[in-house]
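Below is one structure, written out as structure tokens; comments come after it.
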Amino acid sequence: MSTIDKTRFATLAQSLYQALHPGQQIPLNGMGTTALLNSGDQNNGTQFPDNLTASNGSSKQNVQNQSQSALADQQQLDQLYKEIQQYIAAHHLSGEVQVEDQARGIQITMRDVALFNTGQAVLLPGAQHIISGFVPFFKHITNSIVVEGYTDTQPIDTPIYPSNWELSAARAMSVVRFLSYHGIDPTRLAGMGYGQYHNVAPNNTPAGRQANRRVNIVVLRKAYTPGTVQTLPTGN
């Protein structure tokens, strides 16, 4: 029985291969015609189609192109990070602006006191001056940019801003409109309002609340897409 099973298995394996090559069919005793191969020649000289090789080569080329693109993107963002650091230092903005190199991209964080009056979403003249200084850097790249607005836990309830969500979203969109007005392609821009959530400090002190009231401008790596889970903040 063992010998018979081995024979059947060999016949089946060979037949499956030859089923894809009908021109190589040979008869089996009492079983009709099948695509049996000689056991000493596994492919019987059969050549794989050229398009299969081309497909594999194309896949390898795609992977290589993606790696090169990711490397170029990393180099660009490294340069952007250094230039923004230098700009902040040269213009003595470290008290109002911070920059971080994060997994999702380069994040510029601005304190709301430098941007807006309390409970308002209209950019102050000084805020416009600060943000306009970053515009030339943004024009040298093509990456997507997400603007995020955050507040503290102090409640707000006005006809314009019924909650901190509306206020934070309005502040983010003020920056988005400003960037678009100053020549940044609007298809690269998006705004999000996170309200009083995703704090970076406790809200039980004035300093903590001040730290939580902020706006982030995030230049995303090209591997990240606005509106997907990758762009969501992780506690910052």
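Values below: every heavy atom of this structure, side chains too, minus hydrogens, waters and symmetry copies. Position 1 is the first residue of the sequence; numbering continues from there. Source: prediction; values computed, not measured.
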Can you say whether the rings of Y150 and Y194 are parallel (under 30°), tilted (30 to 60°) or perpendicular (over 60°)? parallel

Under a single-linkage definition using a 4.5 Å side-chain heavy-atom cutoff for Ile, Leu, Val, Met, Phe, Trp and Tyr, are I156 and M173 assigned to the same hydrophobic cluster? no

Applying side chain to side chain contact (heavy atoms under 4.5 Å, CB included), run through L93 and I88 and close with a yes or a no. CA-CA 5 Å; L93 297 173; I88 292 173; 4.0 Å; yes

Separation of F138 CZ from I106 CD1 (nearest 0.5 Å): 10.5 Å

Please answer whether the main-chain N or O of G95 pairs with a side-chain N or O of R111 as donor and acceptor at a distance below 3.5 Å. yes

Treat each ILVMFWY residue as a node, draw an edge where side-chain heavy atoms are under 4.5 Å apart, and state whether V122 and Y181 are in one component. no

Straight-line distance of Q107 CD to I84 CD1, nearest 0.5 Å: 11.5 Å

Looking at every non-hydrogen atom in both residues, tell me the closest pair between G149 and A172 and how far apart they are. N-CB, 3.8 Å

Could you tell me which residues satisfy side chain to side chain donor-acceptor pair (under 3.5 Å) with Q74, sequence neighbours excluded, listed by chain and number? D78, R221

Which pair of heavy atoms, one from N203 and one from N199, lies closest together, and at what distance? ND2-ND2, 2.7 Å

Audit row: V215, T109, side chain to side chain contact (heavy atoms under 4.5 Å, CB included) steps and yes/no: CA-CA 6 Å; V215 170; T109 300; over 6 Å; no

If we ignore hydrogens and angles and just use 3.5 Å, is the side chain of S180 paired with the main-chain N or O of V176 as donor and acceptor? no

Between F137 and F134, how do the two ring planes meet: parallel, tilted or perpendicular, split at 30° and 60°? tilted

Which residue pairs pass the salt bridge (charged side-chain N to carboxylate O under 4.0 Å, His left out) test with at least one member in residues 190-203, sequence neighbours excluded? none

Can R104 be said to sit on top of Y224's aromatic six-ring, NZ or CZ under 6.0 Å from centre and within 45° of the ring axis? no

Quick one: do L123 and I108 end up in the same hydrophobic cluster if we chain Ile, Leu, Val, Met, Phe, Trp and Tyr together by side-chain heavy atoms under 4.5 Å apart? yes

R188 side-chain N/O to P186 backbone N/O, donor-acceptor pair under 3.5 Å: no

The reported gap from CG in N216 to NE2 in H198 (rounded to nearest 0.5 angstrom) is 11.5 Å

Working for side chain to side chain contact (heavy atoms under 4.5 Å, CB included), residues V113 and R213: CA-CA 8 Å; V113 68; R213 298 193 301 269; 5.9 Å; no

Nearest 0.5 Å, please: how far is CG in N143 from CG in L80? 8.0 Å

Is there a side-chain contact between I131 and M110 (heavy atoms, below 4.5 Å)? yes

For A170 and Y161, work out which heavy atoms get closest and say how close. CB-CE2, 3.6 Å

Yes or no on side-chain hydrogen bond (donor to acceptor under 3.5 Å, both in side chains) for Q79 and E83, after CA distance, side-chain angles and deciding distance? CA-CA 6 Å; Q79 184 63 27; E83 290 177 351; 3.0 Å; yes

What distance do T142 atom OG1 and I184 atom CD1 have between them, rounded to the nearest 0.5 Å? 11.5 Å

Please name the pair of heavy atoms, one in R171 and one in D112, separated by the smallest distance, quoted to 0.1 Å. NH1-OD2, 3.3 Å

Would you find a donor on one side and an acceptor on the other, under 3.5 Å apart, between the side chain of T153 and the backbone of Q196? no

Is there a side-chain hydrogen bond (donor to acceptor under 3.5 Å, both in side chains) between K222 and S144 once you walk through the steps? CA-CA 7 Å; K222 290 188 175 179; S144 296; over 6 Å; no

According to side chain to side chain donor-acceptor pair (under 3.5 Å), does anything in residues 87-98 pair up with another residue at least two apart or in another chain? List the pairs. none

Does one hydrophobic cluster hold both F178 and L124, with members joined at side-chain heavy-atom distances below 4.5 Å? no

Same cluster or not: I160 versus F116, using hydrophobic residues (I, L, V, M, F, W, Y) connected whenever any side-chain heavy atoms lie under 4.5 Å apart? no

What heavy-atom pair brings G133 and P136 nearest, and what distance separates the two atoms? O-CD, 3.5 Å

Closest contact, heavy atoms only, A201 versus A211: CB-CB, 4.1 Å

Atom pair CG (L179) and CD1 (I217), whose distance is rounded to the nearest 0.5 Å: 5.5 Å

Any donor-acceptor pair under 3.5 Å linking the side chain of D152 with the backbone of Q154? yes

Could you give me the CA-CA distance, side-chain angles and deciding distance for Y197 and N212, then say whether side chain to side chain contact (heavy atoms under 4.5 Å, CB included) is met? CA-CA 9 Å; Y197 308 101; N212 292 327; over 6 Å; no

